[in-house]
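This report refers to the structure that appears directly beneath it.
Heads up: numbering here begins at 1 and tracks the sequence.
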Amino acid sequence: MKRFFTITLAAALLLALFALPACNGGTTTPRGEPTPHPWVFVHGLNGFGEDSGIPVAYWGGTAGDLLAELRTEGFTIHAPTVSPSGSARDRAAELFAQLTGTQVDYGYAHAYRHGIDRFGVAYYPPMVPGWGEPDSNGHLQKVNLIGHSFGGNTIRALAGLLQHGCPEEQAHARETGEEISPLFAGGQADWVHSITTIATPHNGVSLLVMLEADPLISTVAAALPQAQIDAAMRALGINIPGMSSFVDFLDAAEDANNAFADLTLPGAQALNAITRPVSNTFYFSFAVDGTENGRPTNDMAAPSRLLGMQIGNFTYPAGGITAAWRANDGLVNTISATRPFNHPHVQVPDGGFPQLPIPGQWYVMPTVRGDHGSIIGLGRTMDDILPMYLEHLRMVDGLVG
């Protein structure tokens, strides 16, 4: 019964798409002094920005308003809201529109292929005026992007589109002469000063492999009521009524234009292939671990431990899930959050940077003890979380690139 309960919880949490609990060396910058580049904080799945009207802080959680604290230190902070369960690409398009003060454009070819509207919400004024343009001193105005959980995948997708554009949209423009969004034109990689990811599933999550590989989970899933399957598909934006089984649901979701597909191992590999670090952007990652030998410890909040235990017990070498994937934060495998596999990287020791960071490669920060929510303040105090963010933002502001 314990295993049955744990498996059911795992499936429920996965279908909730990582929803958070309901309680929902560089040069330092002197307090109150404006920082060189604004910071854009991007939430994870089922999260929200400061414009959502929700009377709690996503960034800070039970600790309070982290972004307000950072602003008192002189940082310019933005925290937009993007789709709760959209694909990294679609969320990137929504983020771009808000930062530039334009209408969301998902692209003609993309919209046609997935049966969605090409255009979304129109935003004005721009959240970051002058982004990508020279300032009064002739310096390009850039942004720092920081994302929690799937927010990290989202900002990487944005940076990848700025760098490479979108070939299918470019092909459509050549064929029709129709104008495309500047986001899909490419050649704008230098608009981003830094990328920081926090508990981000860069390489997918073993939960999805577990759901398909474990016979007991398949048995349990096969018994799910049709109404529950339909509700899960609606939550993921999949419009395929009458799905006959949970396995069919998994197959459809993996092929769909949503976050679920991006969190599979193949989906993550596809994103990693087109978002390799560029030469003038700094990259940092913070992974979280609340386990020892795959078993949850007191560093992990009680609600996360059941799922953390399940993830920590699961290996499936045939599916790419080895013992190295057992450490986790209750949702995301720690190894997946370190950096995209096959991207150049440097492991930062506990004592800090041995030398000043350089752009074009990932700096994997020392692993943080805790769980997927504690890294942004759930179950923590402001004194617990503020020093890490303050030190990191100050360090990045001191970097020239």
Side-chain angles (χ1 to χ4, degrees), residues 37-38 40 42 80 82-83 86-114 116 118-120 122-123 126-135 138-147 151-197 202 257 261-262 267-283 339-340 342-344 359-362 401:
H37 306 295
V40 180
V42 181
V82 292
S83 169
S87 66
R89 183 194 188 281
D90 285 0
R91 285 162 57 102
E94 295 160 4
L95 181 56
F96 178 81
Q98 292 178 69
L99 298 182
T100 57
T102 55
Q103 185 173 19
V104 177
D105 185 350
Y106 298 109
Y108 174 87
H110 177 78
Y112 180 81
R113 177 153 52 90
H114 292 287
I116 62 174
R118 173 181 173 180
F119 296 104
Y123 294 95
M127 189 170 284
V128 182
W131 181 37
E133 301 174 0
D135 63 15
H139 300 141
L140 189 69
Q141 299 182 70
K142 304 182 180 184
V143 295
N144 294 301
L145 301 174
I146 182 168
N153 303 76
T154 303
I155 61 177
R156 287 178 49 227
L158 174 61
L161 287 168
L162 288 171
Q163 178 186 5
H164 301 293
C166 180
E168 66 176 350
E169 302 303 337
Q170 294 168 6
H172 171 73
R174 287 193 299 269
E175 293 171 2
T176 64
E178 187 174 354
E179 185 176 344
I180 61 172
S181 167
L183 176 61
F184 304 134
Q188 301 162 134
D190 54 354
W191 288 23
V192 178
H193 180 247
S194 74
I195 286 179
T196 300
T197 63
H202 293 291
N257 177 44
D262 291 337
Q269 290 172 2
L271 180 60
N272 292 346
I274 60 173
T275 58
R276 293 187 65 81
V278 295
S279 61
N280 55 355
T281 299
F282 295 92
Y283 296 82
R339 86 284 178 189
N342 301 321
H343 285 201
Q361 60 185 0
W362 284 92

(message) Quick one, P134 and Q141 - any side-chain contact, counting heavy atoms below 4.5 Å?
(response) no
(request) Verify side chain to side chain contact (heavy atoms under 4.5 Å, CB included) between V143 and W131, making sure each step is shown before the conclusion. (result) CA-CA 7 Å; V143 295; W131 181 37; 3.6 Å; yes
(message) If you compare all heavy atoms of N272 against all heavy atoms of H343, which two are closest, and at what distance to 0.1 Å?
(response) O-NE2, 2.9 Å
(request) Answer with yes or no whether the side chains of N144 and S194 bring together a donor and an acceptor at under 3.5 Å. (result) yes
(message) For K142 versus D190, what's the shortest heavy-atom pair and its separation?
(response) CE-O, 3.2 Å
(message) Looking at Y112, I'd like to know if its OH atom is crowded, meaning that more than 12 non-hydrogen atoms belonging to other residues, nucleotides or ligands lie closer than 6.0 Å.
(response) no
(request) Can you see which heavy atom on S181 is nearest to which on F96, and at what distance? (result) OG-CE2, 3.9 Å
(request) Flag the pair S279 / P359 as yes when at least one side-chain heavy-atom distance between them is below 4.5 Å, and no otherwise. (result) no
(message) I'd like to check R91 versus L158 (side-chain heavy atoms, cut-off strictly below 4.5 Å). Are they in contact?
(response) no
(message) My understanding is that only one of V192, L95, I155 makes a side-chain contact (heavy atoms from CB on, under 4.5 Å) with V40; could you say which?
(response) L95
(message) Which heavy atom of L271 sits nearest to which heavy atom of A88, and what is that distance?
(response) CD2-CB, 4.4 Å
(request) If the plane angle is over 60° it's perpendicular, under 30° parallel, otherwise tilted; pick one for Y108 and H172. (result) parallel
(request) Test F184 against L161 for side chain to side chain contact (heavy atoms under 4.5 Å, CB included), laying out the working first. (result) CA-CA 6 Å; F184 304 134; L161 287 168; 4.2 Å; yes
(message) One thing to verify: whether E169 and R89 come together as a salt bridge, which I'm taking to mean a side-chain N less than 4.0 angstrom from a carboxylate O.
(response) yes
(message) Can you tell whether the side chains of E178 and R118 come within less than 4.0 Å, N to carboxylate O?
(response) yes
(request) State whether a side-chain donor-acceptor pair under 3.5 Å links S87 with D262. (result) no
(message) For A173 versus I180, what's the shortest heavy-atom pair and its separation?
(response) CB-CG2, 3.6 Å
(message) I need the Q361 CD to T281 OG1 distance, nearest 0.5 Å.
(response) 12.5 Å
(request) Enter the distance from Q269:CD to I274:CD1 here, rounded to the nearest 0.5 Å. (result) 13.0 Å
(message) Can you see whether E94 engages Y106 through a side-chain donor-acceptor pair at a distance of less than 3.5 angstrom?
(response) yes
(message) Whether the side chain of R276 engages the backbone of N342 through a donor-acceptor N/O pair (distance < 3.5 Å, no angle test) should be reported.
(response) yes
(request) Return yes if a side-chain donor-acceptor contact under 3.5 Å exists between R156 and T275, otherwise no. (result) yes
(request) Measure the shortest side-chain to side-chain distance between T196 and Y283 over non-hydrogen atoms and say whether it is less than 4.5 angstrom. (result) no
(request) Please check if any side-chain donor atom of T197 sits under 3.5 Å from a side-chain acceptor atom of H202, or the reverse. (result) yes
(request) Check the pair I195 / F282 against side chain to side chain contact (heavy atoms under 4.5 Å, CB included), numbers first and verdict last. (result) CA-CA 6 Å; I195 286 179; F282 295 92; over 6 Å; no
(request) Identify the two heavy atoms, one from L183 and one from A92, that lie closest to each other, and give their separation to 0.1 Å. (result) CD2-O, 4.3 Å
(request) Give, for atom OG1 of T100 and atom CH2 of W191, the distance between the pair rounded to the nearest 0.5 Å. (result) 7.5 Å
(message) Please tell me whether H110 and D90 have a donor and an acceptor in their side chains that are separated by less than 3.5 angstrom.
(response) yes
